[in-house]
Amino acid sequence: MRLWLEWFRCLERLRPACARTATFVWMCLALTGLAIRGEVAGVTSIVRALGLAPDGYPKLLHFFHSSGLAVDRLTQSWVGVVRRLFTPVRVGDRFVLIADGLKVPKEGRKMPAVKQLHQESTNNSKPPFISGHSCQALAMLVTGPLGAPYAVPLTSRIHEGLVFTNRDRRSLLDKLVELLQPIARCLESTVVLVADTYYASRTIARPLLEQGHHLVTRVRSNAVAYRPARRPRRPRPGRPRLYGAKLKLKNLWNEHERFRCVASPIPGETRVRLRYRSEDLLWRPVGQLVRFVWIDHPRRGRLLLMTTDLELDPLQVLVLYSYRFRIEVGFKQALHTLGTYAYHFWMMAMTPRKRGDGDQYLHRTSEDYRRLVRRKMDAYHRMIQLGCVAQGLLQHLALNRRRQVWKSFRSWMRTMNRAAPPSEAVVAEALRGTLPEFLLGASDGHKLKKLLLDHADPKRRGALQLAG
């Protein structure tokens, strides 16, 4: 009962993102269905989870394609809600954001932006080439009540597959920067972006530095840097030399006397000692000093990390980068628990794509065709953003209503630990199990109860029929 009351209080904080009351009603239904559905079958599973009447299916399709809920406005509202619901991790006065990419398999021949994608992985279960959507996501690092870090999803967008004009020369890195900038404005603060090796690039670092942000990332083993040039005793004509001796960073592993041995600062690692060294060197892509950190970990192997923040402690750089995997855990929950990327919206007017095709070039198509493509892409992004919101609300209940969730969880798991925050799957099961009690016990004037019963088909859901 209390979980559902808290759930609706959080939904009401998103009301400013909706242009009309009807849009807010269907947003509540979509978010609730995404959170409690027990199967990942697109919009159909939302209808089944909420026991909606048969006409609820076309209405939900219309909602996802409607412009009444602007994706950018929803993202801005969600970022503000995240700041109020969670305790963000800060480095000084900066928020910590995590960025990563995700490739979602899609086989639809009439789905815009679907293309052949290459995925590099040592996992044998992943094929080297798939057809699907290439997405990039941002998450905020927050602290749980027991001190453990969690990555709350902020937003995700499809960033490959469509070319509307040949003048668009933006890369995936440029699009990530464009995705980050409005998030930083909503936070009203500078940020520290934690990302993997792919994002160790001038395209990312320069725009971040220009706006006061910083980057923490891993660099490739073949990276090079420069020592600052020595100043001549006597001034010489021309521009002073900036770069000194060129260094291959992998060769510095051999300077064993420069390494220090300390206990591992990574939370959860006890009785582990590692070796590290750090040095501020000139990195040519940004033309200024950055801090490189060499980590020799007994379990994780060798890591070469970099940060543009020269005031950041080397061991803190390691701790921040160790939190990067939290967004990977979030991807797993988004794919298998919430079905954030399990949309099946086809575009009937689309020219069927061929197997193995790359980007879809639309600069020679009609304006009406491009408008339909943009409408379909907005539907995909609306579904993805609502999935991010639903996952974040489940994390809120897991972290801030931990005891109530475990009390409402009436199933069993081999790895249950009631002292620790539950996963999103446990919270979803607790909400599913207590839905009949909420509909029976809540007052008849409660808004969430009223909108659930008004759109439900009692013949298809016994619990809702009993509650009605």
Side-chain angles (χ1 to χ4, degrees), residues 88-100 138-143 147-151 176 180 184 189-202 204-209 211-227 247-250 252-253 255-256 258-269 272-286 288-328:
V89 174
R90 289 178 179 263
V91 177
D93 58 348
R94 297 184 176 94
F95 294 97
V96 179
L97 301 185
I98 306 175
D100 202 3
L138 287 173
M140 176 183 287
L141 192 66
V142 303
T143 304
Y150 295 85
L176 179 70
L180 172 66
S189 173
T190 54
V191 303
V192 175
L193 181 66
V194 181
D196 62 9
T197 314
Y198 177 73
Y199 297 97
S201 169
R202 171 182 181 175
I204 292 289
R206 288 292 294 271
L208 292 181
L209 290 171
Q211 299 175 17
H213 309 308
H214 285 290
L215 176 67
V216 172
T217 182
R218 183 177 180 179
V219 296
R220 296 176 176 85
S221 60
N222 61 350
V224 297
Y226 298 82
R227 296 193 187 278
L247 300 175
K248 292 183 178 181
L249 299 182
K250 66 179 180 180
L252 301 186
W253 287 107
E255 300 178 0
H256 301 289
R258 302 288 299 274
F259 283 81
R260 298 177 57 187
C261 187
V262 297
S264 175
I266 300 176
E269 289 191 351
V272 176
R273 298 187 67 82
L274 55 84
R275 297 168 59 247
Y276 84 96
R277 65 169 291 188
S278 69
E279 191 169 350
D280 297 343
L281 300 171
L282 287 169
W283 193 42
R284 200 148 202 163
V286 295
Q288 67 180 52
L289 288 172
V290 299
R291 177 159 293 175
F292 292 96
V293 183
W294 290 259
I295 304 291
D296 191 357
H297 197 281
R299 298 177 183 174
R300 305 171 189 264
R302 289 181 170 182
L303 298 174
L304 179 54
L305 307 179
M306 181 198 73
T307 178
T308 57
D309 188 356
L310 300 181
E311 298 180 358
L312 202 57
D313 185 83
L315 293 180
Q316 193 174 9
V317 175
L318 173 61
V319 173
L320 288 176
Y321 189 77
S322 70
Y323 293 155
R324 195 197 67 82
F325 84 99
R326 289 291 178 178
I327 196 173
E328 303 282 358

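The basis for the numbers below is simple: all heavy atoms, side chains too, and nothing from hydrogens, waters or symmetry mates.
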Worksheet entry | Heavy-atom pair of closest approach, residues Asp93 and Ser189 | O-OG, 3.0 Å
Worksheet item: Roughly how far, to the nearest 0.5 Å, is the CG atom of Leu252 from the CZ atom of Phe259?
Response: 8.0 Å
Worksheet item: Quick check: does any side chain N or O of Thr197 sit under 3.5 Å from a backbone N or O of Val219, one acting as donor and the other as acceptor?
Response: no
Worksheet item: Between Tyr150 and Arg326, is there a cation-pi geometry (under 6.0 Å to ring centre, at most 45° from the normal)?
Response: yes
Worksheet entry | Nearest heavy-atom neighbours spanning Val194 and Leu320 | CG1-O, 3.7 Å
Worksheet item: Does the Ser264 side chain pair with the main chain of Arg273, one donor and one acceptor, at a distance under 3.5 Å?
Response: no
Worksheet, complete the sentence: Between Arg206 and Val286 the two heavy atoms that sit nearest each other are CD-CA, 3.7 Å
Discussion item. Does any part of the side chain of Asp196, heavy atoms only, come nearer than 4.5 Å to the side chain of Arg324, both counted from C-beta?
Written reply: yes
Practice prompt. For the residue pair Leu305 and Leu318, establish whether any side-chain heavy-atom pair is separated by less than 4.5 Å.
Written response: yes
Discussion item. Please check if the number of heavy atoms outside Arg260 that lie under 6.0 Å from its CZ is greater than 12.
Written reply: no
Worksheet item: With a 4.5 Å heavy-atom cut-off, do Ile295 and Arg302 have their side chains touching?
Response: no
Item to complete: Would you check if the side chain of Thr190 reaches a backbone N or O of Arg94 as a donor-acceptor pair within less than 3.5 Å?
Response: no
Worksheet item: So which of Asp280, Thr307, Thr308 actually passes side-chain hydrogen bond (donor to acceptor under 3.5 Å, both in side chains) with Arg291?
Response: Asp280
Worksheet item: Run the side-chain contact (heavy atoms from CB on, under 4.5 Å) check on Leu281 and Arg227 step by step: do they pass?
Response: CA-CA 5 Å; Leu281 300 171; Arg227 296 193 187 278; 4.0 Å; yes
Worksheet item: Taking atom OH of Tyr198 and atom CZ of Arg220, what is their separation to the nearest 0.5 Å?
Response: 9.0 Å
Worksheet item: How about Glu269 and His297: does a side-chain donor come under 3.5 Å of a side-chain acceptor?
Response: yes
Item to complete: Applying side-chain contact (heavy atoms from CB on, under 4.5 Å), run through Leu274 and Val262 and close with a yes or a no.
Response: CA-CA 6 Å; Leu274 55 84; Val262 297; 3.9 Å; yes
Worksheet item: Mind checking what makes salt bridge (charged side-chain N to carboxylate O under 4.0 Å, His left out) contact with Arg258, not counting sequence neighbours?
Response: Glu255
Discussion item. Quick one, Leu138 with Leu176, criterion side-chain contact (heavy atoms from CB on, under 4.5 Å). Give me CA distance, side-chain angles, the key distance, then yes/no.
Written reply: CA-CA 9 Å; Leu138 287 173; Leu176 179 70; 4.2 Å; yes
Discussion item. Could you report the tightest heavy-atom contact between Tyr323 and Pro149, atom names first, then the distance?
Written reply: CE2-CG, 3.3 Å
Fill in: Beyond-backbone contact of Val293 with Leu315, side-chain heavy atoms, under 4.5 angstrom
no
Worksheet item: For Val91 and Val96, which heavy atoms make the closest approach, and how far apart are they?
Response: CG2-CG2, 3.7 Å
Discussion item. Counting C-beta onward and ignoring hydrogens, is there a side-chain heavy-atom pair between Val191 and Leu180 closer than 4.5 Å?
Written reply: yes
Worksheet item: Between Phe292 and Trp283, how do the two ring planes meet: parallel, tilted or perpendicular, split at 30° and 60°?
Response: perpendicular
Worksheet entry | Close side-chain approach of Leu312 and His214, heavy atoms under 4.5 Å | no
Fill in: Reported CH2-to-CZ distance for the pair Trp253 and Arg275, which is rounded to 0.5 angstrom
8.0 Å
Worksheet entry | Over all atoms of both residues, closest heavy-atom pair of Pro314 and Tyr276 | CB-CE1, 3.8 Å
Item to complete: Keeping the roles fixed (side chain from Trp294, backbone from Leu249), state whether a donor-acceptor pair exists under 3.5 Å.
Response: yes
Discussion item. Under 3.5 Å, is there a donor on one side chain and an acceptor on the other for Tyr226 and Arg284?
Written reply: yes
